[in-house]
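For reference, the structure discussed in these notes is given below.
As the structure is a prediction and not an experimental result, all values here were calculated from the model. Every chain is numbered from 1, with letters handed out A, B, ... down the list of sequences.
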There are 2 protein chains.
Amino acid sequence: MARKTLDAVQLALASIDGFASAQEIHARLRETGHSLGLTTVYRCLRSMTGDHRVDFVRRDDGEGAYRFCGTSHHHHLVCRSCGDTVEVQAEAVESWAQTVGEASNFRDLHHTVELTGICASCSGR
Amino acid sequence: MARKTLDAVQLALASIDGFASAQEIHARLRETGHSLGLTTVYRCLRSMTGDHRVDFVRRDDGEGAYRFCGTSHHHHLVCRSCGDTVEVQAEAVESWAQTVGEASNFRDLHHTVELTGICASCSGR
DNA sequence: AACAATTATGAAAATGGTTTTCATTCCTGT
DNA sequence: ACAGGAATGAAAACCATTTTCATAATTGTT
């Protein structure tokens with residue numbers, strides 16, 4: 001794989017907040033002028049996850065999602081009614097997840113936390 | 001959906017230790033004399049997960065896996081390699097989720113937490 | 001019982017993300 | 001410049017899952 005290509009993918013990944021699917025990354029690359037094929041994007045991501053340079057998770061719908069390692073991550077509180085989103089601090093969860101995983105002898109821990117609710121402006125008034 | 005069918009699927013699920021894919025459940029049903037189509041199995045599982053009567057996770061290869069679940073609210077630590085699962089107590093997360101939601105003026109809070117990692121037996125040694 | 005209306009079923013086709021194939025293009029070292 | 005290997009991407013293959021749609025089973029009504 002060409003370093004130039006790897007760098008482009010990494011940059012695209014870094015420019016996206018949180019996890020992104022291969023196709024989203026591909027779209028981002030197109031937007032920023034790079035013309036990489038989808039195949040190549042998949043190849044890069046695969047190699048990067050193999051090197052632990054990128055985190056990989058599966059979304060519930062089966063689509064894979066990638067995140068540049070080292071990117072600080074946070075969680076979202078999503079309104080089920082209007083879709084509005086709030087970023088939330090999750091220190092407590094980070095350390096909890098780590099502790100629980102280690103206690104079970106699991107390695108390479110990831111976690112996804114999804115908070116939903118009804119926001120103030122949707123909940124009546 | 002016919003209750004008879006739902007029962008058959010539930011029974012098959014219960015006869016399997018841990019998580020099973022839709023296709024594994026379908027195979028089990030065939031072995032035990034039931035002749036249900038794969039489509040119907042998928043339909044049942046979908047409805048059961050919608051009711052929170054079965055747990056659903058994604059294996060790393062993208063295949064979905066199902067497990068009959070109890071009524072208590074809990075979280076899972078899932079091995080991304082073999083799909084093995086450990087139930088996790090999450091007192092800390094329950095209260096955290098509640099606190100964060102209230103601080104943002106959201107109501108009717110729900111949360112899902114998914115912990116994944118590589119279990120001891122899959123991570124080499 | 002007869003019969004219409006509704007629901008359940010499953011084979012085959014469609015979907016959609018991901019991987020393979022393979023012919024072509026791009027590098028790299030000599 | 002040139003041979004040999006690596007990188008690329010369009011199209012085809014893959015595979016779990018969903019949809020379609022025609023048929024079968026069930027239910028309700030007279």
Side-chain angles (χ1 to χ4, degrees), chain A residues 1-13 16 18-51 53-68 110 112, chain B residues 1-13 16 18-68 78-83 85 114 116:
Chain A
M1 229 141 314
R3 187 153 304 141
K4 194 181 73 173
T5 305
L6 288 169
D7 286 347
V9 171
Q10 180 172 316
L11 202 67
L13 204 43
I16 294 175
F19 282 89
S21 71
Q23 321 229 14
E24 286 162 358
I25 292 161
H26 180 239
R28 170 58 61 103
L29 283 163
R30 287 269 155 104
E31 287 169 15
T32 53
H34 302 80
S35 69
L36 281 179
L38 189 52
T39 307
T40 302
V41 172
Y42 273 110
R43 250 192 300 248
C44 287
L45 289 171
R46 192 120 86 95
S47 128
M48 286 169 155
T49 56
D51 294 356
R53 278 140 70 203
V54 169
D55 287 332
F56 175 80
V57 297
R58 283 272 171 194
R59 291 178 178 163
D60 251 15
D61 64 357
E63 194 178 30
Y66 306 81
R67 181 184 66 183
F68 185 64
H110 291 157
T112 58
Chain B
M1 228 144 312
R3 182 159 305 154
K4 195 180 74 173
T5 305
L6 288 169
D7 287 346
V9 171
Q10 180 171 317
L11 202 67
L13 246 188
I16 294 174
F19 280 88
S21 71
Q23 321 229 13
E24 286 162 357
I25 292 161
H26 180 239
R28 169 58 61 102
L29 284 163
R30 285 270 156 104
E31 287 168 15
T32 54
H34 302 79
S35 69
L36 282 179
L38 189 53
T39 307
T40 302
V41 172
Y42 273 110
R43 251 191 299 247
C44 287
L45 290 170
R46 203 134 166 270
S47 126
M48 286 169 155
T49 57
D51 294 356
H52 297 96
R53 278 141 70 202
V54 309
D55 287 331
F56 175 81
V57 298
R58 282 275 170 194
R59 292 180 180 161
D60 233 17
D61 63 359
E63 193 178 29
Y66 305 81
R67 183 181 67 174
F68 186 66
V78 183
C79 176
R80 288 194 298 277
S81 175
C82 66
T85 335
E114 186 74 45
T116 66

* Only counting residues at least two apart or in another chain, list the ones meeting side-chain contact (heavy atoms from CB on, under 4.5 Å) with A:D61. => A:R59, A:E63
* side-chain contact (heavy atoms from CB on, under 4.5 Å) partners of A:D7, counting only residues at least two apart -> A:R3
* A:T40 side chain near D:dG9 phosphate (N/O to OP1/OP2, under 4.0 Å) -> yes
* Comparing B:F56 and A:L36 on DNA chain D - which has the more 5′ nearest nucleotide -> A:L36
Could you write out each protein N or O paired with an N or O of nucleotides 11-14 of chain C at a distance under 3.5 Å?
| from | atom 1 | to | atom 2 | distance (Å) |
| --- | --- | --- | --- | --- |
| C:dA11 | N6 | B:T39 | OG1 | 3.4 |

Are any protein N/O atoms closer than 3.5 Å to N/O atoms in nucleotides 15-17 of chain C? If there are, list each pair with its distance.
| from | atom 1 | to | atom 2 | distance (Å) |
| --- | --- | --- | --- | --- |
| C:dG17 | O5' | A:Q23 | NE2 | 3.3 |

* To do: Can you tell me the distance, in whole Å, between the CZ atom of B:R46 and the P atom of C:dT9?
  => 15 Å
* Structure fact -> dist A:Y42:OH -> A:L36:CG (nearest 0.5 Å) comes out at 14.0 Å
* To do: Just jot down the salt bridge (charged side-chain N to carboxylate O under 4.0 Å, His left out) partners of B:R28, sequence neighbours excluded, or say none.
  => B:E31
* Round to a whole Å and report the spacing from NE2 of A:H26 to P of D:dT8. => 13 Å
* Structure fact -> When rounded to the nearest 0.5 Å, the distance separating OG of A:S21 from CD1 of A:I16 is 8.0 Å
* Asked: Rounded to whole angstroms, how far apart are CE on B:M1 and C1' on D:dT26?
  -> 15 Å
* **Non-neighbouring partners of A:V54 that pass side-chain contact (heavy atoms from CB on, under 4.5 Å), sequence neighbours left out** => A:L13, A:M48, A:T49, A:Y66
* Structure fact -> When rounded to whole Å, the CZ to P distance for the pair A:R59 and C:dT18 reads 9 Å
* To do: Could you list the residues that satisfy side chain to side chain donor-acceptor pair (under 3.5 Å) with A:T32, not counting sequence neighbours?
  => A:H34
* Rounded to the nearest 0.5 Å, how far does CG of B:D55 lie from CZ of B:R67? -> 5.5 Å
* **Straight-line distance of B:C44 SG to B:I25 CD1, nearest 0.5 Å** => 10.0 Å
* Any pair with a residue in residues 39-51 of chain B that passes salt bridge (Lys or Arg N to Asp or Glu O under 4.0 Å), sequence neighbours left out, goes on the list, sorted by first then second residue, please. => B:D51-B:R53
* Structure fact -> Whole-Å distance, B:L45 CG to C:dT9 P, equals 13 Å
* **Interatomic spacing from OG1 in B:T40 to CG in B:L45 - rounded to 0.5 Å** => 10.5 Å
* **Whole-Å gap separating P (D:dA16) and CG (A:D61)** => 17 Å
Write out a two-atom table: protein N or O, nucleotide N or O from nucleotides 25-30 of chain C, distance below 3.5 Å.
none

* Asked: Looking across every strand, which nucleic acid part, if any, lies under 4.0 Å from B:S47 by heavy atom: base, sugar-phosphate, or nothing?
  -> nothing
